[in-house]
Amino acid sequence: DADGSWCDLAAPGPVPPAADPAPLAVGAPAKLAFTVQPSGVRAGGGAVMAPAVQVTVQDARGNTITSATTRITLAIAAGAGAAGATVGGTRTRSAASGVATFADLTLDEIGEYTLSATAPGLLGASSGSFTVRLVLASVWTGFAADHTCGLTSGGAAYCWGDNSVGQLGDGGDSSGAVPVAVAGGLHFSQLALGRSHTCGLTAAGVAYCWGNNSDGEIGDGGEDNSPTPVAVAGHRTFAQLVAGSFHTCGRTRGGTAYCWGYNPYGQLGGGGNENGATPVAVSGGVAFAQLTAGGDHTCGITTAGAASCWGYNSDGQLGDGSITNSAAPVAVSGGLTFTRMTAGFGHTCGLTGAGVAYCWGKNGVGQLGEGGTTDRSAPVAVSSRLTFSQMTAGGDHTCGRTSAGVGYCWGWNGHGQLGDGGTRDRSTPVVVSGGPAFAQLGAGSRHTCGMTAAGAAWCWGSNGEGQLGDGTATSRPTPASVRYQ
């Protein structure tokens, strides 16, 4: 060392192992915690949240109180999700070994959500944010409608767009730019959209309608509007529903056609021109295989493909070679047979078994697709070498889908409803640009929508009422994805 002295340092002995720390005692129950967060939530048809949400009872340090049997309640956190949305399923459960498991929760209103967990005497908890998404199986439009609807695979109905008279069916009258659930919990196999009313058909064939009813188009026997579904009077069951501007028709499984609503031009087909607030049989005793309804006219085809129409005919939309209204069915001239028909505001189209498209009626903006703008009172072929698997008529435009899923549209394009990227009217078919392969198309008043085989919905055209469903009020000349898919 420093003063020159020496010392011996003994070699250290073995160090005894440290004693294990005494376990920390679990404290008293103090708070809740989400230990399995809500995720993978799909709206519609009662789909449950997966995996099951779990909330744990903990002490102040975060230890699970395994002896706790506390009753825990879940709810939508304040300010989260869609207005008026509620959690379905069992929302209050008792903890087992300190953990409450919620295995049957549902949420049918799409949007961004946070859940809250509460229990008496404990500090509550909030979940992480999650999205309730919509998976549609079909999309539905109407030639006169500024709203759009869709069905999930389970038949739950969602609508978006104009809701001024309750046509979205959610119980209110506020228009919406994203889908909202139709109230009542009904499940439908098909929908029909009029100008300001909507109808749905259950798998059992029971018809319900909602929205505007000033002319009896809901069919419940009155003239009061309804913002939620009401049953059509008469206790009949139908195989198909179609909607005109202010009238509605249904076809029974036996082919008998009934219509109700606005009728000054004989569009109900009963032989008179009085409005009908309940279904009246179409005269003539014809058994129809398919119906379609236009602005103020209606058409049908038999199982043999023979077409007839009735109602307003000032533009030749009945196709009988005249411009005379008819309160009973008249045969479409030309001897053509059709497998499908579709009607717009003042024009009608038919598709042959070979996929050849014909149209007749009003043509001021080229909606007949034959290359000109002259009205036609008898069928003319759409000017193209295309064949279609489906046709759909909008207000003053028409669209067709090929077997390969390519969409084509023609006619009025003032809002981009043809989907070709511009706003110029077209008197012959133009391809919908930027869109995927479609399994279904539907034309509205001033917009168009399509559905892919994978269940993705796209819309384009006018969007002033939010009918495109993309969360904005901006019109789109090419397809835009419906939000929350």
Is a donor on one side and an acceptor on the other found under 3.5 Å between the side chain of N325 and the backbone of N313? yes
Please name the residue in the list N225, D224, V230 that meets the side chain to side chain contact (heavy atoms under 4.5 Å, CB included) test with I218. V230
With rounding to the nearest 0.5 Å, note down the distance linking NE2 in H397 to CH2 in W410. 10.0 Å
Are the side chains of T398 and M391 in touch, meaning some heavy atoms are under 4.5 Å apart? yes
Let me see the working for N413 and D420 under side-chain contact (heavy atoms from CB on, under 4.5 Å), right down to the final yes or no. CA-CA 9 Å; N413 198 28; D420 66 341; 3.2 Å; yes
Scan residues 336-375 for pairs that pass ring-ring contact (aromatic ring centres under 6.0 Å, His included), counting only residues two or more places apart or in two chains. F338-W360
Considering non-hydrogen atoms only, spot the tightest contact between T298 and C249 and give its length. CG2-SG, 3.8 Å
How about H447 and T148: does a side-chain donor come under 3.5 Å of a side-chain acceptor? yes
Are the side chains of V406 and F438 in contact, using a 4.5 Å heavy-atom criterion? no
Answer yes when E217 and R195 have at least one side-chain N-carboxylate O distance shorter than 4.0 Å, and no when they do not. no
If we ignore hydrogens and angles and just use 3.5 Å, is the side chain of T402 paired with the main-chain N or O of L386 as donor and acceptor? no
Could you walk me through whether Q167 and D162 pass the side chain to side chain donor-acceptor pair (under 3.5 Å) test, one step at a time? CA-CA 7 Å; Q167 57 263 53; D162 183 22; 3.1 Å; yes
Would you sort out whether S308 and F288 count as a side-chain contact (heavy atoms from CB on, under 4.5 Å), showing the intermediate values? CA-CA 10 Å; S308 57; F288 292 102; 3.6 Å; yes
So which atom in S433 and which in P479 form the shortest heavy-atom distance, rounded to 0.1 Å? O-CD, 3.0 Å
Are any non-hydrogen side-chain atoms of W458 and L468 less than 4.5 angstrom apart? no
Under 30°, 30 to 60°, or over 60°: which ring-plane class applies to Y258 and F238, parallel, tilted or perpendicular? perpendicular
Rounded distance (nearest 0.5 Å) linking atom OG1 of T198 with atom CG of L168: 7.0 Å
For the pair T141 (side chain) and A443 (backbone), establish whether a donor and an acceptor sit closer than 3.5 Å, ignoring hydrogens and angles. yes
Under the side chain to side chain contact (heavy atoms under 4.5 Å, CB included) test against Q190, which residue among V242, L201, T202 passes? L201
State, yes or no, whether a side-chain contact exists between V232 and W260 at a heavy-atom distance under 4.5 Å. yes
For a quick check under 3.5 Å, do D220 and S226 share a side-chain donor-acceptor pair by atom type? no
Within the 4.5 Å heavy-atom criterion, are R376 and L368 side-chain neighbours or not? yes
What's the separation between atom SG in C399 and atom CD in Q390, rounded to the nearest 0.5 Å? 9.5 Å
Could you tell me which non-hydrogen atom of A393 sits nearest to which non-hydrogen atom of G344, and how far apart they are? CB-N, 3.5 Å
Using modelled atom types and a 3.5 Å cut-off, is there a donor and acceptor pairing between side-chain atoms of N212 and backbone atoms of S196? no
Would you say the side-chain atoms of N263 pair up with the backbone N or O of L268, donor to acceptor, closer than 3.5 Å? yes
NZ on K362 to OG1 on T348, rounded to 0.5 Å: 12.5 Å
Minimum heavy-atom distance between L418 and V432, given as atom pair plus value: O-CG2, 3.6 Å
Could you tell me whether a side-chain N or O of S475 sits under 3.5 Å from a main-chain N or O of N463, the two making a donor and an acceptor? yes
For a 4.5 angstrom cut-off between non-hydrogen side-chain atoms, does R476 reach D470? yes
Tell me whether the centres of the aromatic rings in W412 and F143 are closer together than 6.0 Å. no
Within 6.0 Å of CZ in R424, more than 12 heavy atoms from elsewhere: no
Considering non-hydrogen atoms only, spot the tightest contact between L441 and G400 and give its length. CD1-O, 3.5 Å
Keeping the roles fixed (side chain from T339, backbone from L351), state whether a donor-acceptor pair exists under 3.5 Å. yes
Is there a side-chain contact between V180 and N163, using heavy atoms and a 4.5 Å cut-off? no
Shortest non-hydrogen pair, W160 vs G466, comes out as CD1-O, 3.4 Å
Rounded to the nearest 0.5 Å, how far apart are OG of S445 and CD of E465? 10.5 Å
Going by the angle between their ring planes, with limits at 30° and 60°, are F388 and Y408 parallel, tilted or perpendicular? perpendicular
State the OG1-NE2 distance between T423 and H415, to the nearest 0.5 angstrom. 10.0 Å
Is there a side-chain contact between S175 and H147 in this structure, where contact means two heavy atoms from C-beta onward sitting under 4.5 Å apart? no
Tell me if a side-chain donor or acceptor on N363 pairs with a main-chain N or O of D375 at a distance below 3.5 Å. no
Would a distance-only check, ignoring hydrogens and angles, find a side-chain to backbone donor-acceptor pair under 3.5 Å from D173 to S164? no
Stepwise side-chain contact (heavy atoms from CB on, under 4.5 Å) test for L191 and L193: CA-CA 7 Å; L191 301 174; L193 279 63; 4.2 Å; yes
Spell out, as yes or no, whether a donor-acceptor pair under 3.5 Å connects the side chain of D170 to the backbone of A181. no
Between E223 and D215, does a side-chain contact (heavy atoms from CB on, under 4.5 Å) hold up when you go through it step by step? CA-CA 6 Å; E223 293 184 350; D215 297 294; over 6 Å; no
Do the side-chain N and O atoms of D396 and Q367 include a donor-acceptor pair separated by under 3.5 angstrom? yes
Neighbour count above 12 (heavy atom, 6.0 Å) for I323 CD1: no
